[in-house]
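Inspection log for the structure reproduced underneath, given as structure tokens.
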Amino acid sequence: MEKNSTNLIESFNKQIKKYTKRKEQFPHEEALEKFLVSQFEDYNQRFATRCHIGFDQARTELQAMFKSNT
């Protein structure tokens, strides 16, 4: 399962490298920084609700366990 979570990170890193190579002529470092921040924000929005395989199945059971204890 650990491999799956690192695949997302590795894929994102490859994507960033690909885009920054294609856009080698950033006028200054701040432009590159703005580009990277926009990519990070987009990535976070896309995967904010994503759940690791297996955990989503256990989520309902865990919530029920904690509700019964309170």
Side-chain angles (χ1 to χ4, degrees):
M1 184 154 10
E2 185 177 325
K3 181 114 175 101
N4 290 335
S5 62
T6 60
N7 284 345
L8 288 173
I9 296 166
E10 290 170 8
S11 173
F12 183 65
N13 285 339
K14 286 180 185 178
Q15 179 184 358
I16 291 293
K17 286 179 184 179
K18 181 176 80 173
Y19 287 129
T20 55
K21 280 183 183 178
R22 224 182 335 173
K23 299 178 180 185
E24 287 179 9
Q25 301 219 358
F26 289 100
H28 42 76
E29 193 171 319
E30 186 177 305
L32 175 60
E33 184 177 329
K34 285 182 181 181
F35 170 75
L36 291 174
V37 167
S38 71
Q39 294 299 304
F40 296 147
E41 287 176 348
D42 180 54
Y43 181 85
N44 284 338
Q45 288 176 1
R46 281 189 289 147
F47 293 102
T49 59
R50 188 172 179 159
C51 191
H52 285 284
I53 297 170
F55 185 78
D56 196 38
Q57 296 168 348
R59 182 187 314 213
T60 305
E61 188 174 331
L62 290 169
Q63 287 174 336
M65 287 172 52
F66 283 107
K67 283 182 184 177
S68 65
N69 288 337
T70 57

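Not measured: the values here are computed from a predicted model.
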Margin query: Using the rule given for salt bridge (charged side-chain N to carboxylate O under 4.0 Å, His left out), can you reason through Glu10 versus Lys14, listing the C-alpha separation, both sets of side-chain angles and the distance that settles it, and then say yes or no?
Written below: CA-CA 6 Å; Glu10 290 170 8; Lys14 286 180 185 178; 5.8 Å; no
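- Legend: residues meeting salt bridge (Lys or Arg N to Asp or Glu O under 4.0 Å) with Glu29, ordered by chain and number and at least two apart, are absent.
- Distance CZ/Phe40 to CG/Asn44: 9.0 Å, rounded to 0.5 Å.
- Counting non-hydrogen atoms of other residues, nucleotides and ligands closer than 6.0 Å to CD of Glu33 gives a total of 12 or fewer.
- Residues Phe26 and Leu32 come closest through the heavy atom pair CE1-CD1, 3.4 Å.
- In terms of heavy atoms, Ile9 sits closest to Tyr43 at N-OH, 4.2 Å.
- Ring geometry, Tyr19 versus Phe35: the interplanar angle exceeds 60°, so the pair is classed perpendicular (tilted spans 30 to 60°).
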